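These notes are about the structure you will find just below.
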Amino acid sequence: MKPACERCENGLAMDGEVYICSYECTFCPTCAKALASLCPNCGGELVARPRRDAGPMFA
């Protein structure tokens with residue numbers, strides 16, 4: 001999970017709203033909207049990044 005937007009370089013919260021493509025190119029909501037939800041690197045669709053549970057990885 002990348003800590004900064006690849007376009008504007010603003011920091012991204014681990015539990016915040018973030019958009020990624022299938023190659024995990026990472027963008028903030030403002031940049032994703034400006035890019036019409038299309039990754040400028042691969043042309044893939046930018047979708048909301050899934051969130052991770054803060055608990056232990058394995059039960």
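What you see is a predicted model, and the numbers here were worked out from it, not measured in a lab. Residues: numbered from 1 along the sequence shown.
Counting only residues at least two apart or on different chains, no side-chain hydrogen bond (donor to acceptor under 3.5 Å, both in side chains) pair has a member in residues 30-39.
When all heavy atoms of Tyr23 and Cys42 are compared, the closest pair comes out as CD1-SG, 3.7 Å. The two residues Ala32 and Phe27 make their nearest non-hydrogen contact at N-CB, 4.3 Å.
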When the side chains of residues 4-22 are checked against the rest of the protein, which donor-acceptor pairs come out under 3.5 Å, sequence neighbours left out?
residue: Glu6; atom: OE1; partner: Asn41; partner atom: ND2; Å: 3.2
residue: Glu6; atom: OE2; partner: Lys2; partner atom: NZ; Å: 3.0
residue: Glu6; atom: OE2; partner: Thr26; partner atom: N; Å: 2.8
residue: Glu17; atom: OE2; partner: Tyr19; partner atom: OH; Å: 2.5

